[in-house]
Amino acid sequence: MNYPVFFLLQLKRPLKSKAFVLLLFLFPVFLFALSQAFSGETDSRIPVGVCSETDDLLTENLCRKLTEGNDSLFRFFEVSSQEELTRLVQNGQIECGYLFQKPLEKELDRSHTKNLITVLVSENTTCKGILNEFVYANLFEEYSLHLLKETLADAGDLPFDRNAAAAFSLPPVTEEYIEQNYRAHLLDGDTFTFEVTFLSANGSDETAGGTAPAAFSLFRGFASVFLLLCGFLALLTLHEDLQNGLYKKLRGIKRPVCMSLTMLSYLLPAGFVFLLSLGVSGCMGGILRELISLFCYLLVLLVFYALLGTIIRSHTMLCAAFPMLLLCTLVFTPVIVDLSAFFPWIKAVRYALPTYYYLLFF
């Protein structure tokens, strides 16, 4: 049996199908257009202004931390003066404004904690409470570092004494070393934290093009469903061949190999378009990882459709089963959103769906 010739003959069928070729052409166009729509979105985070009128180091660090941060809900930016901050709040251009006029470090060292920060609030805002909590959490994150350094400095010679450190074969502990370890351990898993993803907004880790990772996962989910559809078209073709007796005379290993080549005559062109679509949408990762994940996904699809074709032998029933398969894929796997966070029982269902195993790679 000349398998390469058989595969090439099988490959001619999908490439001669105008509907299949049109599907291969339109999918990357659709994904590219969708990526452009996402990248063209304006920043939908809530705007917040900060204005500093003091040269206090803690205030400077706090303002820099807020403005350089990439929070999924708030977008902080610096305002040059109190008058400008007031105008922006009054005009409704920003929800809140934070005015720093007192040296925070000196005031906190003296235990003066009242009225440290002036907050200007728009009359229509509903997020003043959460914003205050967010700002004060960042403030005391920075102030805790200051307290840590002061405490270690007051503890004695050991932390900062190079000779004492050398006697114990320890690296000298500097302020830079303390700060590096302090920040490294803030979110190292020893503390209780939340990871929040806002699917409708430009997310917390925006790319240079402005498209959120949530959109990237959406593109990858659509691409995995595209391959699922192409695999089903291959299964229908294989089922017609079986009904026409194409594989009756094949014995032993030849029969499953030829049936797999028939499936691959659809899946391999679709796999190429799959990679092309990820590339034009801007969410292509490392090429080696993409190829390995695609290869594994194709194997899973072959096994899944082999089982499905064995269980359902009626052409009509197969056509009726695919809409249910597609619906279950969209609901039970994280193609669009992961509902298992709200309904844990979903986790038990999605293991039966091939798309889930591809999305596990990412």
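Nearest heavy atom pair, residue L62 against residue L139, reads CD1-N, 3.6 Å. Taking each heavy atom of G231 and Y305 in turn, the nearest pair found is C-CE1, 3.5 Å. Among all heavy-atom pairs drawn from T54 and K102, the shortest one is CG2-O, 3.8 Å. Taking each heavy atom of P14 and F20 in turn, the nearest pair found is O-CD2, 3.5 Å. Annotation for H239 and H315: closest pair CE1-N, 3.4 Å, computed over non-hydrogen atoms. Across all non-hydrogen atoms, the minimal contact from P354 to V300 is CB-CG1, 3.7 Å.
Looking only at distances, a side-chain donor or acceptor of T237 sits under 3.5 Å from a matching main-chain atom of L233. D241 places no side-chain N or O within 3.5 Å of a backbone atom of L246 that could act as its donor or acceptor partner. Under a 3.5 Å cut-off, the side chain of R220 and the backbone N or O of L359 do not form any donor-acceptor pair. Side-chain N or O atoms of S17 include none that pairs as donor or acceptor with a backbone N or O of R13 at under 3.5 Å.
For the pair L360 and Y297, the minimum side-chain heavy-atom distance is 4.5 Å or more. Annotation: side chain of L291 is in contact with side chain of L275 (closest heavy-atom distance under 4.5 Å). Counting heavy atoms from C-beta on, the side chains of L9 and V5 come closer than 4.5 Å. At a threshold of 4.5 Å between non-hydrogen side-chain atoms, the residues V121 and V89 do not count as touching. Using a 4.5 Å heavy-atom cutoff, the side chains of L34 and F222 are in contact. Taking 4.5 Å as the limit, every side-chain heavy atom of I117 sits out of range of all side-chain heavy atoms of N132. A heavy-atom distance below 4.5 Å is not found between the side chains of I94 and S122. Between L22 and K18 there is no side-chain heavy-atom pair separated by less than 4.5 Å.
Around CD of E133, the count of heavy atoms belonging to other residues, nucleotides or ligands within 6.0 Å does not exceed 12. A 6.0 Å sphere centred on CZ of F272 holds no more than 12 heavy atoms belonging to other residues, nucleotides or ligands. More than 12 heavy-atom neighbours from other residues, nucleotides or ligands sit within 6.0 angstrom of CG on N91. Crowding of D55 atom CG: a count of heavy atoms from other residues, nucleotides or ligands under 6.0 Å not exceeding 12. Other residues, nucleotides and ligands contribute only 12 or fewer heavy atoms inside 6.0 Å of the CZ atom of F25. Atom OH of Y247 has more than 12 neighbouring heavy atoms from other residues, nucleotides or ligands inside a 6.0 Å radius. Shown here is L8, whose CG atom has more than 12 heavy atoms of other residues, nucleotides or ligands within 6.0 Å.
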Steps toward side chain to side chain contact (heavy atoms under 4.5 Å, CB included) verdict (H112, K106):
CA-CA 9 Å; H112 296 168; K106 293 180 180 178; over 6 Å; no

Going through the checks in order, is the side chain to side chain contact (heavy atoms under 4.5 Å, CB included) test met by F361 and C296?
CA-CA 10 Å; F361 278 89; C296 294; 3.9 Å; yes

Verdict with reasoning, L242 to R313, per side chain to side chain contact (heavy atoms under 4.5 Å, CB included)
CA-CA 10 Å; L242 287 170; R313 297 183 178 275; over 6 Å; no

Trace of the side chain to side chain contact (heavy atoms under 4.5 Å, CB included) decision for L261 with Q10
CA-CA 8 Å; L261 290 176; Q10 293 292 84; 5.6 Å; no

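Linking ILVMFWY residues whenever their side-chain heavy atoms come closer than 4.5 Å, directly or via other members, leaves V29 and L23 in distinct clusters. One hydrophobic cluster, built from ILVMFWY side chains closer than 4.5 Å, cannot hold both Y356 and F322; they sit in different ones. In the hydrophobic clustering of ILVMFWY residues, with side-chain heavy atoms under 4.5 Å counting as a link, V331 and L325 come out together. Using a 4.5 Å cut-off between side-chain heavy atoms of Ile, Leu, Val, Met, Phe, Trp and Tyr, with links allowed through other members, F100 and Y136 fall into the same hydrophobic cluster. Cluster annotation: L288 is not connected to L276 through the hydrophobic network of ILVMFWY side chains, with a link wherever side-chain heavy atoms come within less than 4.5 Å.
In this structure, F274 has its ring center at least 6.0 angstrom away from the ring center of F226. For Y357 and F304, the gap between ring centers reaches or exceeds 6.0 Å.
Note: E83 CD to C51 SG = 8.5 Å, rounded to the nearest 0.5 Å. The structure places CZ of F7 at 13.0 Å from NZ of K12, a figure rounded to the nearest 0.5 Å.
Salt bridge status for R64 with E142: absent, with no side-chain N to carboxylate O gap under 4.0 Å.
Here the rule is ring pair (Phe, Tyr, Trp, His ring centres under 6.0 Å) with F134, and of F76, Y98, F140 only F76 fits it.
No hydrogens or angles considered: nothing links the side chains of N61 and Y143 as a donor-acceptor pair under 3.5 Å.
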